[in-house]
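Notes for the one structure printed next.
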Number of protein chains: 2
Amino acid sequence: MDRGPHVTLADVARAADVSLATASRALNGTTKVGSDLRERVLAAAEELAYTPNAHAQMLAGASKRTVGVICHDVSDPYFAGVARGVMRVADENGLLVMLASTFRDPQKEVAYVSALRAQRASAIVLIGSGFEDKAWERALAAEIEPYRRGGGQVAVVSRHRNLRVDSVQPANRQGAADLARALLELGHRKFAVLAGPRSLTTVGDRLAGFRDALADADVTLAESDIVTSAFTRDGGYQAMSELISRGLTATCVFATTDVMAIGALTAAREAGLSLPGDVSLAGFDDIPVVRDLTPPLTTVALPLEQLGERAMELAISDNRRSRSRVLRVAGEVVLRDSTAPPRG
Amino acid sequence: MDRGPHVTLADVARAADVSLATASRALNGTTKVGSDLRERVLAAAEELAYTPNAHAQMLAGASKRTVGVICHDVSDPYFAGVARGVMRVADENGLLVMLASTFRDPQKEVAYVSALRAQRASAIVLIGSGFEDKAWERALAAEIEPYRRGGGQVAVVSRHRNLRVDSVQPANRQGAADLARALLELGHRKFAVLAGPRSLTTVGDRLAGFRDALADADVTLAESDIVTSAFTRDGGYQAMSELISRGLTATCVFATTDVMAIGALTAAREAGLSLPGDVSLAGFDDIPVVRDLTPPLTTVALPLEQLGERAMELAISDNRRSRSRVLRVAGEVVLRDSTAPPRG
DNA sequence: ACTCTAACTGAAAGCGCATTCACGAACTCC
DNA sequence: GGAGTTCGTGAATGCGCTTTCAGTTAGAGT
């Protein structure tokens, strides 16, 4: 029970009375090794509770079996769902997943990419919306590009404007448009939107899709009908509260994410509004829990895990080609009880 | 733009026309380096987009700045909350967090510990209940012990029976007992429990606390009043459905986790039961979303993030002492609208 | 029996970096 | 002004492992 550093291959080799090379080969099974020696080595390794030093292996040329996943917030069901998909595929391929959470700090995102690069992770998957921020995108690109040049694979879930990498893009625009049409069909003509930070491509796309579909039906969405807030439950709560305190004129509220819709739902309930009687509410993403709300939330269902799976698949397959691939994943409107024809 | 492997320190040194040693020193700032040379090195590094190879650094003796966190399922809000706490503290200490999800596969848990050990992570935090399974605990211990001998720090959130490591333990027993007393006080005398897998210490503890408190009030909880199911939303849904199909006699149902309670809530609603009129429902954990359910869920509030923070703090401080430390964190009953006095 | 593969095994060369050693130069101190 | 310091730098070593490369031994071929 020595407290010494770590048991090394050399220790194992010595215990088994073989050369270092033989010990390595016996453990890895890359080359034929006499069965007697192999037995001895295996026994010694077991005995000493030997675990190879992954860093040394890496340095010596073994290929990396680690992929990094960077998301904004692991405790947000959207990211958790996508991350789950990524992990499933990674797991099937014997890859270890290193999941990092930036808590929406762009600087931290860059830092994590840098760290992953330092670790020579074989792939990096970025989950989450790009910011429409040139400076930030540039800093990120400054890490991503050398990483790719060095042989790293990169895939992104969501739309990034200036990153030339493979990506899986939820059809935010189409989904929001479909949703708008469904709501119009219910008879709504007066809408309000609870939006996340406008600098996110996801928000921009969903907003654009929604607004365009309304415009096609000659319904206009004024800027004053859009309340911007944080991309969180509390953000949704605040936005909805503000809308209500202003005097709610809309018959239907669209929250750009389900998480925000959840906050909005509670805000409405606390204000004494009944759903969908007094106002209809719709979200986007179809995170699992919205089915369990009262009333269950109308939303645009995105196959979250699938998004992650596809991204991981892109990252696994060789992506050093000239053009970057884009996988578009459609969302499907799911009408539940939080929406109904407007009263009267 | 060579597609060669990676830019190395040697490349930088060559470009700056200094020795490798000087380049290293200039970059790390460990020793004084002439400002002119330092400038040259920094410029060259920038120019070449150099990122040190973390593996080489590690191998050469740098101390690891990575901690591993292993949980059952990142998409479960309970784990997400705790993980968030861990990450916050890790982040404050400049540590990188590698979060892994075992999807409740004990074998995978062992595999991840092994992998983290191979990477010489400076600490490992295990989130989640121990299994009352000797064989499994032994396999885990066989990884953990050599890891600790090698200088690794380990902390656990939850109670593990045969693991002699520092731990943060939610007061499951006390919390459940407090909850039971609160429910008794409301007037309930007939209970049912939706339990997770009985082999988990968490389930065992919560069940024991609940049952004991009932017994103190001369209320018995028969084995038939306990429905066992998976520790998930669907598990809760199924368990509640079964309870209902059997003919619900209890006036109050206790789900051993909020996640199960969510499923139970929907099952009840779909069966036409109104809460808390027809039946009261209580959960455990106080994950964020239960506040937004209708009705908001009565539960035992555990400071999830704090659990993670304490665990990380334990893991950061030197824990190679003779006795392992145990931090007990109390839960607090939060009465919301899902519980009410029994009808009549 | 003698050479010629085949099959193993050991010695040694790095992988990229931090670091210790050794060395010359610029100072400091009676 | 010669001996005793710093101070800055380069050369060289080693971290633990995989992988040539070069043996060594045994079996095959004629």
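Chain naming here is simple, since letters A, B, ... match the order of the sequence lines and numbering starts at 1 in each.
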Rounded to whole angstroms, how far apart are CE on A:Met58 and P on D:dT19? 12 Å
Contacts of A:Thr8 and B:Ala23 projected onto DNA chain D by closest heavy atom; the upstream (5') one is B:Ala23
Flag for B:Ser324-B:Arg164: side-chain donor and acceptor within less than 3.5 Å: no
Rounded off to whole Å, could you give me the CZ-to-P distance for the B:Arg14 and D:dG10 pair? 14 Å
So the side chain to side chain donor-acceptor pair (under 3.5 Å) pairs with at least one residue in residues 88-101 of chain A (sequence neighbours excluded) are A:Arg88-A:Glu305, A:Arg88-A:Glu309, A:Asp91-B:Lys108
To the nearest Å, give me how far apart CD (B:Gln119) and P (D:dG16) are. 17 Å
Considering only NZ, NE, NH1 and NH2 on the basic side and carboxylate oxygens on the acidic side, decide whether B:Glu145 and B:Arg148 come within less than 4.0 Å. no
Over how many whole Å does the gap from B:Arg120 atom CZ to C:dC17 atom P extend? 20 Å
Just by distance, do the side chain of B:Gln153 and the backbone of B:Ala123 share a donor-acceptor pair under 3.5 Å? no
Expressed as a whole number of angstroms, how long is the span from B:Arg117:CZ to D:dG16:P? 15 Å
May I have the distance from A:His55 (atom NE2) to C:dG14 (atom P), rounded to whole angstrom? 24 Å
Base contacts versus sugar-phosphate-only contacts with protein, heavy atoms under 4.0 Å: please encode nucleotides 18-23 of chain C as B, S and - from 5' to 3'. BBB---
Ion pair present between A:Arg84 and B:Asp76, side-chain N to carboxylate O less than 4.0 angstrom? no
Of the candidate nucleotides C:dC8, D:dT9, D:dG16, which contains the atom at the shortest distance from the side chain of A:Asn53? D:dG16
For A:Leu27 and D:dG16, what is the distance between atoms CG and C1' respectively, to the nearest whole Å? 13 Å
Distance check needed: C:dC15 P versus B:Leu59 CG, whole Å only. 13 Å
Pair A:Leu307-A:Tyr78, side chain to side chain contact (heavy atoms under 4.5 Å, CB included): steps then yes or no: CA-CA 11 Å; A:Leu307 249 34; A:Tyr78 172 81; 4.1 Å; yes
